[in-house]
Structures are given as structure tokens and as C-alpha cells.
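Here is the structure we will look at.
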Amino acid sequence: MSIKTFLFTFVVTLCCLLPSQEANAADKRLSLSGSSTIAPLISEIARRFEAEHKDFRIDVQTGGSSRGIADARRGLSDIGMSSRALHDEEKAGVKTHILAMDGIAFVVHAKNPIKNLSAAQARQIYTGQISNWKQLGGEDAEMTIIDRAKGRSEQELMTKFLGIKSPEVKANLTCGENQQCLKLVTGNAHAITYLSVGTSEYEVNRGTPIRLLDFEGIPASVATVKDQSFPLVRPLVLITPERLPEEVEEFLNYSLSNKVDDLIKGQAFVSTH
Amino acid sequence: MYRLINDRSIAVASTLAIGVASVVVVLIMLFLGKESLPAISEIGLGRLFSDSSWNPESQGDEGLFYIVPMLAGTLAVSTLALAIALPLGLLTAVYTEFYAPRGFRFIMERAVELLAGIPSVVLGMWGLLILVPKIQQIDGHGASVLAGALVLGIMIIPTIALSSRSAIQSVAEKHRMQTTALGLGRSCSVLDVFIPLSRKSIGVGIILAGARAIGETMVVVMVCGNMSVFPQSVFDPVRTLTATIALEMGYSYGAHRGSLFLIGLLLMLSVLTALLLSKLIPGSSLRGEDTI
Amino acid sequence: MDRYVFREGSFTVITWLSGIAVFAIFALLVFDVFYHSGLFSLEFLFSDVKGAGREGGILPVIISTSLIVLTCSVVSLPIALGSAYFLFYFSRQNTRISALLRVSLDVLASTPSIVFGLFGSAFFCLYLDLGFSILSGGLTLACMILPAVIRMCEEGLSATPEEYGLQAAALGMSKTALFFHVLLPAALPTLSAAVLLGIGRALSETAALLFTSGYVLRMPESLMDSGRSLSIHIYDLAMNIPGGDQNAYRTAAVLLGMLFVINSVALASMNFCAGRVIRK
């Protein structure tokens, strides 16, 4: 085979891969961006929706809750995902829809004897005033205090719940994604961090050696988030412009309906139905 | 068909090709500069080195952009990684070339090549799950300069091993007969003849490995602890410049986003400076034609 | 005499220890991946994802990755070959220009991968309005592997015997004919190795693709679709999806397998073809 023939066949094959115009015109394309906590759940919902509505194409990107809110406000994505409620100044021009409920729990290694954390203690831990487990009645061991990366909704929520300002937070390590935090805790018997209640409970049910600490005496679990007795709750919201195009509305209504309750439960979040 | 493809047109095409290849660098710096403009105009370069901490989104003030601890973190992790990888990489090259028995040599070559190709996320996972808990049992909190340096070191050993090996190989081919004629043993010919002769090419390989270490992102995000503080021991957590870009790029806007591009630009400029400085050393080349 | 023997002996010991140590590290890492991945069938490669990736297979990811790598190779190969041709033929005349060109390639080779991610995001996704797409990812990766592939192509061309050029001139062949009919086939083993190694490098990339080709898990239908690569899938499964660890390890095992195959093919082509062509 000469080089010419080879090149020719190659280019022809390549042309078959180029975007086919007809398919794109029929597609209803939606783009979502935002919280990496919600992204897996929305991807699953989108997948189920696409199976029932063959002309939809829903792209999910991550980037964090702040990105989701900003993208939705600027019209850069059709729906933004945020794992925290919007601030007042962010609400202008957009509508929020609660997809599910979740909470923030303080998580330690299963071997840690501590079972409860008060708000005051949590505040002292994350401002550097408590650094040894014996100060809480546990072993004499230095704590590994793990903060979440700035820009993550968990970090904002924690500082808001405990009433401390971001620069006042003093920790030993910072972690980004949920699973990274979990792995740091499972590998370190003296670590403490804070995570989504849903994700943590899912892991405990899988046998991961972690424990969710009670907060102010109230156990952290999906059940207490559901009956609203747990104080550190947060909504998982979808953000859209005030006037929605038809296809966005269609997908939005589907996501907010009870048809996806099993998917929400599967990720250990609390459905609003 | 042949009239189209003649010497002239091929010369033009190849000039275009090299033009595109060399323009990419310029394009990168141009776009990095363009996207950094919001940061340069709103923050200015000086604040990167004089603010009190790195807190770009702190509510209330306009944000703090102190990058020096992260710069220290980058340097600490990369230098330590190079210190680990250099002897191991060089000695592996020597081993594979001169000491390994023939069957095992084949296996070693494949092993080093495959090690070079292992994705950084896989190494980072291993570091996070296995290395970090072990380091925590020794001292500190686990995620640390040491963890980053060890994993990065493992990543760049193949880079140094492969480039050193090809440098030493070409030198050895030329001078093997001479060293044998002089009755020099293996250690003597390697240590006193081959390595000194190829030191410039080995040096270039080290610089490229160092650039790779400085530029690595996923590993340091996963195992270094991401704390923007000056490390005072190898067990302290650090954050590198690349980790900051990776962690914050997704959601940053305006001046914050510009500052991340500015950091990228600074990284590129420092790499450029290091390379230009190395070119000033006379006679350095990538193909091992060196004299003592 | 004693000092010499001591030096010889201790150096031998140290070198052997280093070789064994590096091999042990390699074996440890590979064992770790395959131990945690457990036994899985080829079905994993061909079935769709389920449960955001924690169950099911990785077929869409493999297709996306293949498309990204294909775009990357198709774009970078002609540019690399042309550049290598230029450097091979013209670099001896204008040493200052060629030195400048080589410096720019060296800088490109040393640029951090996240900077490529920034550039790709700013240039391909935003400025050229390609958005999060396989095309953006492939083009960004092409920029990344260009210097390495150019260097290998150049070495391949330089390794061809000098006599070929003289013989071609004696026969009155044009430079072009010499290139396409003699040099290219002679350098083919090194060139194919260059492409394959470039592909191997592209496969392992994560940071550059995070902001360019995106996160989408669906089977891509065109180059303009967003799609995630194998390394990004590994990262998401390990760092973000609860219960994603095992599939992360399995995907890593698949990736290592692919790299092994690529390296072996590159090696085989260099050894096999080299023997055949030069003897011609």
C-alpha cells in the first residue's frame, strides 16, 4: 500500500468522525455545571432521562458550587448545581429549585472513642485552640484537623455554621474532593474532617472505618436530616434563569419529580418527597 | 500529483510545520498574559509577594494573593524529589547498561519504560492510600513534603534513567575499547570516564526531570496536604503553585482567575529562564557529543 | 590495590541495589493496581457505565479516550514530521535560527501540564469557541507531545545512513523523492515508535484534559462532544464517587495494559523493521 492510498483512506475515515450536522440539529442539548457532590447524581438522572427522551443530550461538567451559581447567573450553562443555598446577592435573576437535602457531619476514624461534638468544641478545633484528642476526653494524641478546600460549599457552610471567618480557620491539612478527605481519615486514626452526611453514611454502610459524630447531641444521619432535627443541613439546589426554555423546563421537572427518588436515595441524599 | 509535491512545496510545508511548532510557545505565553490582565491591573505583581496570605475569595476585603509559601512548597517538593531520583535514576541507567544480566536487562528496560508511563493519578492514589498513612505513623500528619517528594521522585526516576542511559550508551560505544585497552574495571570506566564525558547530556535530562517535577499537579494535590504555609520540616504539609491552579481554576472568576493564569505564566517564565541559563553552559546538547 | 577492589566491589553492590530497588518499586506499583482491581473480564472494557461509574464498564470512556488520542496524533504527526524534516535539512545552515527553534521546543517540552490545561481552556475552549470537547482536549495534547515527537522523528531521520543522500544525488533524485521513498521508510521504525510513545504520553495525561475535554460520561458522537479520558475517569472514581475505588483500580489496570501493549508494539517495530529495511 503506497503512502498516498494510506493517507486517502485515513482522511476518509476521519471525515466519518466529524460532527454530523443533522444529528446536532435534532438534539436538544443541555449543559449543566457546578457542584461535584451533585454531579454524579445528576449524571444518573440525566442518563435515565436520555433513555426515555432520545432527542436530548445532557452534558454535566463539574467546577464546584460557586462555578455552578456563577455559570447559571451568566447564562453560561442551562442549569447550575450548588450544594449550598444561595447568598442574597447571588439570587438576582435566577430561580433555585431544591433537588434533595443533605447535611454536613464531622467525621472521625471508627477507632476514635469520641462520639459527640458541641458547637463550641468544633469552633475551638477549627480555630486552632484544641489540638489534642485528650482535650475532648479521648486519647492523648495530636489531632489531624482536615479542612476542605476554599471554594467548596462544605467549607463555606462550616464557617457559617460555626460562626468563624475563613481566615480564622487553622487546620493541619486541606483536602479537595470528598473521597480524598475520606481516605485521609481512614488512613489516620487521629484525623477529623467534615463531609456530606449522605456520602459519609453511604461509606459507613459499605464498611468504611469512619464514624459520624453527633452534633450538639443530635446524631448525624440521613434520618435526622430528613426529619430536620439535625442542625447542619444544606439543600442541594438546581439553579436556572427565571425564564426557562422548554427543554430545560422538561428536564428540570423530571429531576424534581418523584421518578428519580430511588436515584437520590441510592446516593444517600434525602428526597424532598 | 507529483507536480504538487515537489521540493519547493515540501520546503514550504515543512517551514510551516516548524513555524506552527515554535509559535505554540509564543501563543501560550500570549494567552496566559491576556488572561492574567485582570489580575495584573486589579492586584499588581507586587502583592503576590507581599500580601499576608493566599485567600483570594475572602469576603469583605478584595482578597489576598500571597504566593511565596506555595513557591517554597513547589521548590521544596521538587528539589527533594530530584535528590531522591537523581542517584536512583543514574544508577539504574548504569545498572541496566553495564551490570544487568542479559535476560534481566530486557525486563528492566521494559519496567523502566512502563514506570515512565504510569499515570500520575495512579501514583497519587498509591501515595494517598499507602504512603501517607505510613508517614503519619512516623511523624506529622501524613500528607507532607516527604510524601510528595517520594511519589514525585518515583515519577521522575524513569525520566532520568532513560535520558542518562542514552547519553551514557553513546559515550560508552565510542570509548569502551579504550577503557578496556587501559584495563579499567567497570566502576572505574563508568565513574571516571563515561559519566564525566556525558555529564552535559545527563544535566539536560536532570533539568527536564526537574521541570516535570515542578509541573506535576495531580500527585501533589493528592498527597501534599494543600496547606499554603512555609514547610519547616519534611513532615509539614505544603501546597504547590500547580496545585493551587488545579484546585481553584474550576470556580474562579475575574481577578482570582487572572491570578491563577499569572501563576501559570510565572511558572513558564521560570522554566524558560532555567533553560536559557543551561544553554549558556558551553557545549550542552541533547546528543552526547561531549569532551571532558 | 585494596582501595581499588573496595571501590569496584561497593559500586557494584550499590548499582545492583539501585536496579533492584527501582524494579521493586515498579513491581510494587503494578501489583498494587492489579491486586485492588481484582479479577475482571473483558466485558468491563465493552460495557456501559452504571451508577456514575462505580458499577458497569468503561466503554464510553475508552471511546472518548481513543478519539482524544486519535485527534492528538493526527494533528501532531504531520507537524512533527514537517518540523523534523526542516530541522534535519535546514538546521545545519542557519545555526542561530535553528538554535532559537530548538529552544522554543525545549521550553514547550518543559512546560507544566496544568499550564497546557490553562492554555487549552483559554485558547481552544474559549477563544476558538470549541467549548468542552474532545477536539479541544486532543489539540491541547497535541501541543503537549509535539516536542517529544519532533525530537524522536529527528533522531529517526538522522539515524538513516548518510550514504542514502549521496546515492540519491548521484541518481538525480529530488530531495522530495529521497524523503518519501527512501528516508521515510528507513526511519519508519523510529517514527512509528515516536508516534506510539507520544500516544502513551497522551494517555496518561490528566491535568491538561481537566479543563479542556471535560467530565461527561456519555458515549461521544462527534469530536465536538465532551468526553472524559481514562485518567480523568480514574481520578473521579477515586476522589469523588463513593464506592468508586474498585472500578478506579480496574480502569488503571486497563490503562497500564494499554501502555504495555503500546510500548511493546513500539519496541517490536523498532527492532523488526530496522533489521529488514537497512538490509535492503
Side-chain angles (χ1 to χ4, degrees), chain B residues 5-7 10 13-18 20-22 24-25 27-28 31-32 35 88 91-92 94-96 99-100 108 110-115 117-123 125-126 130 154 157 185-187 191 208 211 214-215 217-218 242 245-246 249 261 264 267-268 271-272 275-276 279, chain C residues 7-8 11-12 14-16 18-19 21-23 25-26 29 32-33 78-79 81-83 85-87 101 103-115 118-119 122-123 127 143 146 150-151 174-176 179 200-201 204 206-207 210-211 231 234-235 238 248 252 255-256 259-260 263:
Chain B
I5 306 179
N6 56 28
D7 276 356
I10 292 290
S14 68
T15 316
L16 270 175
I18 190 81
V20 169
S22 26
V24 174
V25 172
L27 217 67
I28 293 180
F31 268 85
L32 288 182
E35 300 289 336
L88 277 176
L91 286 173
T92 304
V94 169
Y95 175 75
T96 325
Y99 285 86
M108 271 301 285
R110 304 289 81 75
V112 171
E113 276 170 21
L114 212 57
L115 194 61
I118 294 189
S120 42
V121 287
V122 176
L123 278 162
M125 255 202 318
W126 174 79
I130 299 191
I154 294 175
I157 284 176
R186 265 189 305 198
S187 72
L191 286 174
L208 286 175
I214 290 180
T217 315
M218 306 314 296
T242 47
I245 299 177
M249 175 67 179
F261 274 89
L267 279 171
M268 259 203 99
V271 158
L272 177 63
L275 272 171
L276 286 177
K279 296 288 179 192
Chain C
R7 197 191 190 212
E8 179 80 26
F11 187 68
T12 310
I14 294 175
T15 319
W16 265 92
S18 308
V22 170
F23 183 75
I25 293 174
F26 163 77
L29 285 167
D32 185 64
V33 169
I79 298 180
L81 209 50
S83 308
Y85 183 94
F86 184 91
L87 289 171
L101 293 171
V103 164
S104 77
L105 287 178
D106 278 343
V107 173
L108 203 59
S110 315
T111 309
S113 51
I114 191 93
V115 171
L118 287 175
F119 168 67
F123 184 61
Y127 187 72
C143 296
L146 211 49
I150 291 178
R151 185 171 302 145
S174 67
K175 262 198 207 153
T176 315
F179 183 69
R201 180 97 205 264
S204 320
T206 320
L210 265 177
F211 309 121
S231 21
I234 297 175
Y235 183 73
L255 192 48
L256 285 182
L259 285 167
F260 180 69
N263 281 351

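Quick caveat, the model's predicted, so the values are computed rather than measured. Sequence lines set the chain letters: A, B, ... in the order given, protein chains first and strands last, and positions in each chain run from 1.
When B:Ser120, B:Ser187, B:Gly215 are compared by the number of non-hydrogen pairs under 4.5 Å with chain C, B:Ser187 comes out ahead. The residue among C:Ala21, C:Pro112, C:Ala248, C:Ala238 with the most heavy atom pairs within less than 4.5 Å of chain B is C:Pro112. Ranked by non-hydrogen atom pairs under 4.5 Å with chain C, the options B:Ile154, B:Leu27, B:Val24 are led by B:Leu27. Chain C forms more heavy-atom pairs under 4.5 Å with one residue of B:Thr15, B:Leu32, B:Val112 than with any other, namely B:Thr15. Taking chain C as the reference chain and counting heavy-atom pairs below 4.5 Å, the highest number among B:Leu267, B:Leu114, B:Leu115, B:Leu16 is found for B:Leu114. Between chain C and the options B:Ala211, B:Ala21, B:Ala111, heavy-atom pairs under 4.5 Å are most frequent for B:Ala111.
Side-chain contact between C:Leu105 and B:Ser22 is absent, with no heavy-atom pair separated by less than 4.5 Å. Counting heavy atoms from C-beta outward, C:Ser110 and B:Leu275 have side chains that approach closer than 4.5 Å. Looking at C:Ser113 and B:Thr217, their side chains come closer than 4.5 Å, going by heavy atoms from C-beta outward. Considering only heavy atoms from C-beta on, B:Val271 stays 4.5 Å or farther from C:Thr111 through its side chain. Side-chain contact between B:Arg186 and C:Thr15 is absent, with no heavy-atom pair separated by less than 4.5 Å.
A distance of 10.0 Å separates OG of C:Ser204 from CG of B:Leu123, quoted to the nearest 0.5 Å. Interatomic distance, C:Phe23 CZ to B:Arg110 CZ, rounded to the nearest 0.5 Å: 12.0 Å. Atom OH of residue C:Tyr235 and atom CE of residue B:Met218 lie 4.5 Å apart, to the nearest 0.5 angstrom.
For C:Leu29, the part lying under 4.5 angstrom from a heavy atom of chain B is the side chain only. Using a 4.5 Å cut-off between heavy atoms, C:Val33 contacts chain B through its side chain alone, with no backbone atom that close. Contacts of B:Ala13 with chain C are absent, with no heavy-atom separation under 4.5 Å from either backbone or side chain. Using a 4.5 Å cut-off between heavy atoms, C:Ile79 contacts chain B through both its backbone and its side chain. Residue contact with chain B, scored on non-hydrogen atoms closer than 4.5 Å, involves the side chain of C:Leu255 exclusively. C:Ile150 touches chain B through its side chain: at least one heavy atom from C-beta onward sits under 4.5 Å away, while N, CA, C and O do not. For C:Arg7, the parts lying under 4.5 angstrom from a heavy atom of chain B are both the backbone and the side chain. For a residue to count as touching a neighbouring chain, one of its non-hydrogen atoms must lie under 4.5 Å from one of that chain's; by this rule C:Phe211 touches chain B with the side chain only. Interface remark: B:Val94 contributes backbone and side-chain atoms alike to the contact with chain C (heavy atom separation under 4.5 Å). Using a 4.5 Å cut-off between heavy atoms, C:Leu108 contacts chain B through both its backbone and its side chain.
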Show your working on side chain to side chain contact (heavy atoms under 4.5 Å, CB included) between C:Phe11 and B:Leu91 and close with a plain yes or no. CA-CA 10 Å; C:Phe11 187 68; B:Leu91 286 173; 3.9 Å; yes
Does the pair B:Glu35 and C:Leu118 meet the rule for a side chain to side chain contact (heavy atoms under 4.5 Å, CB included), with working shown? CA-CA 9 Å; B:Glu35 300 289 336; C:Leu118 287 175; over 6 Å; no
Chi angles and distances behind the side chain to side chain contact (heavy atoms under 4.5 Å, CB included) call for B:Met125, C:Ile234: CA-CA 9 Å; B:Met125 255 202 318; C:Ile234 297 175; 4.1 Å; yes
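Heavy atoms only, all atoms of each residue included: B:Gly117 and C:Leu259 are closest at O-CD1, 3.0 Å. Counting all heavy atoms, side chain and backbone alike, B:Leu208 lies closest to C:Arg151 at CD1-NH1, 4.1 Å. In terms of heavy-atom proximity, C:Leu256 sits nearest to B:Pro119 at CD2-CD, 4.4 Å. In terms of heavy-atom proximity, C:Ala122 sits nearest to B:Phe261 at CB-CE2, 3.9 Å.
Between C:Trp16 and B:Tyr99, the ring center distance fails the sub-6.0 Å criterion.
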